[in-house]
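Working notes for the structure below.
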Amino acid sequence: MRQIKPTRDIQPVSEFRANAAKFLDQVRETKKPLVITQHGRGAAVLLDIDSFENLIEEVEIRRAVASAEEDRRAGRLIDNEVVMKELRERYGV
């Protein structure tokens with residue numbers, strides 16, 4: 001993700017309400033998030049859909065890797081050769 005420019009990428013909710021279409025175009029074009037403030041504090045972040053999907057995918061992959069690593073440390077994994085042997089015996093392959 002590119003560096004956020006406060007003068008462009010942080011906007012109060014009142015400005016967002018008045019210019020929503022412009023800000024949607026900005027987010028789509030720049031691929032940079034727009035931070036929306038309310039009462040001087042961060043309230044929401046607007047992302048283009050591709051960036052959002054990539055972010056969700058990355059989080060899911062990191063969670064899966066962390067879960068697999070936890071299973072490995074806890075000894076809950078079965079060696080690939082053992083699985084293949086069982087499959088061959090079960091299905092006669």
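Just so it is clear, the model here is predicted, and its values are computed rather than measured.
Summarising the geometry, atom CG belonging to Leu24 is positioned 5.5 Å from atom CZ belonging to Phe16; distances are rounded to the nearest 0.5 Å.
A salt bridge links Glu69 and Arg72; the closest N-O separation between the charged side-chain nitrogens and carboxylate oxygens is under 4.0 Å. Ion pairing of Arg28 with Asp25 is present here, as a side-chain N (NZ or NE/NH1/NH2) and a carboxylate O approach within less than 4.0 Å.
Contact between Pro33 and Val45 at its shortest, heavy atoms only, is CB-CG1, 3.6 Å.
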Using distance only, find each side-chain donor-acceptor pair of residues 58-66 under 3.5 Å and give its atom names and separation, not counting sequence neighbours.
residue, atom, partner, partner atom, Å
Glu58, OE2, Arg62, NE, 3.0
Glu58, OE2, Arg62, NH2, 3.0

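Under the salt bridge (charged side-chain N to carboxylate O under 4.0 Å, His left out) criterion, Arg8 pairs with no residue at all, not counting sequence neighbours. Applying the side chain to side chain donor-acceptor pair (under 3.5 Å) rule to Asn54 yields no partners; only residues at least two apart in sequence or on another chain are considered. Residues that satisfy the salt bridge (charged side-chain N to carboxylate O under 4.0 Å, His left out) test with Asp50, not counting sequence neighbours, are Lys31. With sequence neighbours excluded, the residues that form a side chain to side chain contact (heavy atoms under 4.5 Å, CB included) with Gln11 are Glu15, Phe23, Leu34.
Residue Phe52 is not grouped with residue Val27 when hydrophobic side chains (ILVMFWY) are merged at heavy-atom distances under 4.5 angstrom, including chains of intermediate members. Hydrophobic cluster membership differs between Leu46 and Ile49, with clusters built from Ile, Leu, Val, Met, Phe, Trp and Tyr side chains linked at under 4.5 angstrom.
Within 6.0 Å of atom CD1 in Ile56, more than 12 heavy atoms from other residues, nucleotides or ligands are found, so the atom counts as buried in its surroundings.
Put simply, the side chain of Ser67 reaches to within 4.5 Å of the side chain of Asp71, judged on heavy atoms. Using a 4.5 Å heavy-atom cutoff, the side chains of Gln26 and Lys32 are not in contact. Using a 4.5 Å cut-off on side-chain heavy atoms (C-beta onward), Asp9 and Val35 make no contact.
With hydrogens and angles disregarded, a donor-acceptor distance shorter than 3.5 Å links the side chain of Asp48 to the backbone of Ser51.
Screening residues 84-93 for salt bridge (charged side-chain N to carboxylate O under 4.0 Å, His left out) gives Lys85-Glu89 as the qualifying pairs, with residues at least two apart or on separate chains.
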